[in-house]
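Structure record follows, encoded as structure tokens.
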Amino acid sequence: NNPVVVMSQDSSREFLHSGKPGDKYDFFTKATLLKEITNKLMYIKQQIKEMNALIAEKEKELPVVEEELARLDEEKNSYNKLT
């Protein structure tokens, strides 16, 4: 819904007579889709931050998993020697 395309005559008049720079800037960001792009970028940055936190958490768990793998591998080798 691009406001430039769907703006009614009343809202156009209101925009043109509005002396507030903030309102005009908001209109500009909506019309150029900068606001939507900015929101998407903020969402992506948040997702990246969450994924980096998850990676760091999993990297901390990795030594424990590797130790368990080594223990199970030893257990398997011991079992294979018995059979």
Can you tell me how far the CG atom of D73 sits from the CG atom of N77, to the nearest 0.5 Å?
5.0 Å
In the hydrophobic cluster built from side-chain contacts under 4.5 Å, what are the other members alongside L62?
none
Output side-chain donor-acceptor pairs under 3.5 Å for residues 39-46, partner residues at least two apart or in another chain, one line each.
unit_1 : atom_1 : unit_2 : atom_2 : d
N39    : ND2    : K35    : O      : 3.3
K40    : NZ     : E36    : OE2    : 3.3
Y43    : OH     : Q47    : NE2    : 3.4
Q46    : NE2    : E50    : OE2    : 3.1

Can you run down the side chain to side chain donor-acceptor pair (under 3.5 Å) pairs that involve residues 58-72, sequence neighbours left out, and say none if there aren't any?
E68-R71, R71-E75
